[in-house]
Participant: 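I'd like to ask some things about the structure below.
All ligand and atom numbering here is 1-based and tracks the order in the structure. Please read these numbers as outputs of a predicted model, since none were measured by experiment.
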Amino acid sequence: MDKILIIGAGGQIGVELTLALRKVYGDNNVVATDIKPAHPLLKDGGPYYILDVMNKEATLEIVKKEKITQIYLLAALLSATGEKDPHKAWEINMNSLLQTLELGVQEKLAKIYWPSSIAVFGSTTPHDLTPQKTIIEPRTVYGISKYTGELWCQYYNQRWGLDVRSVRYPGLISWKSEPGGGTTDYAIDIYIEALKHKRYTCFLSEHTYLPMMYMDDAIRGTIELMESPVDKLKTCMSYNLSAMSFSPKEIAEAIKKHIPDFTIDYAPDFRQAIADGWPKSIDDSAARNDWGWKHNFDLETMTNEMLSHLREKLGL
Ligand SMILES: NC(=O)c1ccc[n+]([C@@H]2O[C@H](COP(=O)([O-])OP(=O)(O)OC[C@H]3O[C@@H](n4cnc5c(N)ncnc54)[C@H](O)[C@@H]3O)[C@@H](O)[C@H]2O)c1
């Protein structure tokens with residue numbers, strides 16, 4: 001029987017991934033942990049521990065006590081937060097991964113999941129339909145930590161046979177849990193502000209195209225990758241993963257179809273430079289061919305979902 005440990009379960013992805021994995025594996029077989037107290041949606045329904053991933057002994061103790069067979073490592077400092085404290089971002093993002101990979105070998109874990117990001121790509125990468133294998137010269141500490149992490153995952157797989165799986169998520173858009181300080185967070189804030197105030201000031205310029213994905217697709221894709229037979233997977237570096245690509249102007253137009261008097265203006269800040277270095281769109285044919293990845297949501301269907309769920313959540 002698989003028993004899963006999620007580290008960083010209180011974050012934007014962790015909350016929804018924990019809920020989804022509990023549906024598949026059963027509440028008691030998915031152990032959620034985070035450095036902070038349980039998110040309201042994780043308060044009931046399964047084991048929850050406060051855990052600092054940097055505490056190796058405490059992590060090992062939970063792995064042994066709960067008889068863990070798989071780890072999903074989600075704890076990280078994201079792109080915008082990372083630029084504010086690069087050394088801290090490097091320390092958390094790298095050490096948490098190295099410790100988890102080491103634990104995987106030592107405790108003979110069946111599988112490890114660790115997400116990478118489109119932030120591995122930099123301004124020297126082809127920006128349109130960025131290929132799986134291409135020039136990779138990240139310019140942010142977050143991107144550097146993600147690409148180094150991918151190489152470590154490959155190293156542990158090749159040297160010790162550890163089954164590590166990973167995708168390069170694009171910007172993820174969700175309504176259940178809050179974003180954690182990424183450059184694509186505007187695409188969540190814009191829905192909330194449109195509903196509350198009918199106006200939004202965007203921290204990226206109007207024609208900044210970035211690859212994005214609705215959280216439901218990301219969660220399903222993650223679980224499908226983890227459940228794929230190992231012989232289907234041709235890389236244990238990260239798979240490119242894609243769904244849609246749009247600019248702030250285009251998401252504003254999609255919102256206007258529901259809220260006609262919504263207005264947007266633009267005040268780009270330091271995050272513009274991060275976004276300018278990232279791809280506009282992603283070629284994820286390797287994921288589609290190897291393990292059958294397929295997205296369900298586009299800008300229009302995601303906008304319908306986001307506005308109706310947020311309206312209910314915010315009581316508007
Ligand atoms: N959200 C996105 O758009 C996106 C895109 C690409 C990749 N990713 C990757 O997915 C993973 C999860 O991202 P997210 O958006 O959920 O991030 P998030 O910031 O929302 O969540 C991260 C969680 O990790 C926890 N954490 C931080 N330091 C910790 C520590 N020392 N010990 C234990 N927990 C700690 C935080 O409390 C937080 O709940 C990260 O690796 C991130 O780089 C996210």
Participant: Does S116 reach ligand 1 with a nitrogen or oxygen that is under 3.5 Å from one of the ligand's nitrogen or oxygen atoms?
Facilitator: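 There is no such contact.
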Participant: Keeping W293 on the side-chain end and S242 on the backbone end, is there a donor-acceptor pair under 3.5 Å?
Facilitator: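 Yes; judged by distance alone, with no hydrogens or angles, the pair exists.
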Participant: Is the closest side-chain donor-acceptor distance between R311 and H258 under 3.5 Å?
Facilitator: no
Participant: Give the residue and atom name of whichever protein heavy atom lies nearest to atom 19 (O) of ligand 1, and the separation in Å to one decimal.
Facilitator: G180 CA, 3.5 Å
Participant: Under 6.0 Å from the CD atom of E300, do we count more than 12 heavy atoms belonging to anything else shown?
Facilitator: no
Participant: Return the closest protein heavy atom for atom 3 (O) of ligand 1 as residue, atom name and distance.
Facilitator: L172 N, 3.0 Å
Participant: side-chain hydrogen bond (donor to acceptor under 3.5 Å, both in side chains), that's the test. Do W175 and Y214 meet it? Break it down for me.
Facilitator: CA-CA 10 Å; W175 60 271; Y214 190 46; 3.2 Å; yes
Participant: Does the structure place the NZ or CZ of R165 under 6.0 Å from the centre of the six-membered ring of Y113, at an angle of no more than 45° from the ring's axis?
Facilitator: no
Participant: To the nearest 0.1 Å, how far is atom 6 (C) of ligand 1 from its closest protein heavy atom, and which atom is that?
Facilitator: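 For this ligand atom, the closest protein heavy atom is Y169 CB, 3.3 Å.
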Participant: For the residue pair Y186 and F246, categorise the inter-ring angle as parallel (less than 30°), tilted (30 to 60°) or perpendicular (more than 60°).
Facilitator: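 Ring orientation, 0 to 90° scale: perpendicular.
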Participant: May I ask which of E16, M215, Q12, K146 has a heavy atom nearer to atom 41 (O) of ligand 1 than the others do?
Facilitator: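 Selected option, by shortest heavy-atom distance: K146.
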Participant: Tell me which one of P179, P170, A75 gets a heavy atom nearest to atom 29 (C) of ligand 1.
Facilitator: A75
Participant: Within a distance under 4.0 Å of any heavy atom of Y142, pick out the atoms of ligand 1 and give their elements.
Facilitator: 6 (C), 7 (C), 8 (N), 9 (C), 42 (C), 43 (O)
Participant: Please confirm whether W114 approaches ligand 1 to less than 4.0 Å, judged on its heavy atoms.
Facilitator: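 W114 does not count as a contact of ligand 1 under the 4.0 Å cut-off.
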Participant: What protein heavy atom is closest to atom 13 (O) of ligand 1, reported as residue, atom name and distance in Å?
Facilitator: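 Of every protein heavy atom, I13 CD1, 3.7 Å lies nearest to atom 13 (O) of ligand 1.
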Participant: Quick test: of every protein heavy atom, which one is nearest to atom 33 (C) of ligand 1, and how far off is it to 0.1 Å?
Facilitator: L51 O, 3.2 Å
Participant: Under 4.0 Å between a Lys/Arg side-chain N and an Asp/Glu carboxylate O for K257 and E253?
Facilitator: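 Answer for the salt bridge query: no.
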Participant: Do any nitrogen or oxygen atoms of E178 come within less than 3.5 Å of a nitrogen or oxygen of ligand 1?
Facilitator: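 No, no N or O pair falls under 3.5 Å.
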Participant: What's the shortest distance from atom 31 (N) of ligand 1 to any protein heavy atom, and which residue and atom give it?
Facilitator: D52 OD1, 2.9 Å
Participant: With atoms numbered from 1 as shown, which atoms in ligand 1 lie under 4.0 angstrom from a non-hydrogen atom of K36?
Facilitator: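 Listed by number with element: 37 (O), 38 (C), 39 (O).
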Participant: Just by distance, no angles: are the side chains of E137 and Y147 close enough, under 3.5 Å, to form a donor-acceptor pair?
Facilitator: no
Participant: Determine, using heavy atoms of S96 and all atoms of ligand 1, whether some pair is separated by less than 4.0 Å.
Facilitator: no
Participant: Measure from the side-chain N and O atoms of D217 to the backbone N and O of A243, and report whether any donor-acceptor pair falls under 3.5 Å.
Facilitator: no
Participant: What is the nearest protein non-hydrogen atom to atom 32 (N) of ligand 1, stated with its residue, atom name and distance?
Facilitator: V53 N, 2.9 Å
Participant: Answer yes or no: are there more than 12 heavy-atom neighbours, outside K111 itself, under 6.0 Å from its atom NZ?
Facilitator: yes
Participant: If the plane angle is over 60° it's perpendicular, under 30° parallel, otherwise tilted; pick one for W152 and Y155.
Facilitator: perpendicular
Participant: Write out the residue and atom name of the closest protein heavy atom to atom 21 (O) of ligand 1, then the distance separating them to 0.1 Å.
Facilitator: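 Atom 21 (O) of ligand 1 sits closest to the protein heavy atom G11 CA, 3.2 Å.
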Participant: How about T125 and T134: does a side-chain donor come under 3.5 Å of a side-chain acceptor?
Facilitator: no
Participant: Quick test of your reading of the structure: of L74, D34, L73, whose heavy atom lies closest to atom 37 (O) of ligand 1?
Facilitator: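 The residue whose heavy atom sits nearest atom 37 (O) of ligand 1 is D34.
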Participant: Between L78, T33, N55, which one has a non-hydrogen atom sitting closest to atom 17 (O) of ligand 1?
Facilitator: L78
Participant: Which ligand 1 atoms are under 4.0 Å away from a heavy-atom of S117?
Facilitator: 6 (C), 7 (C)
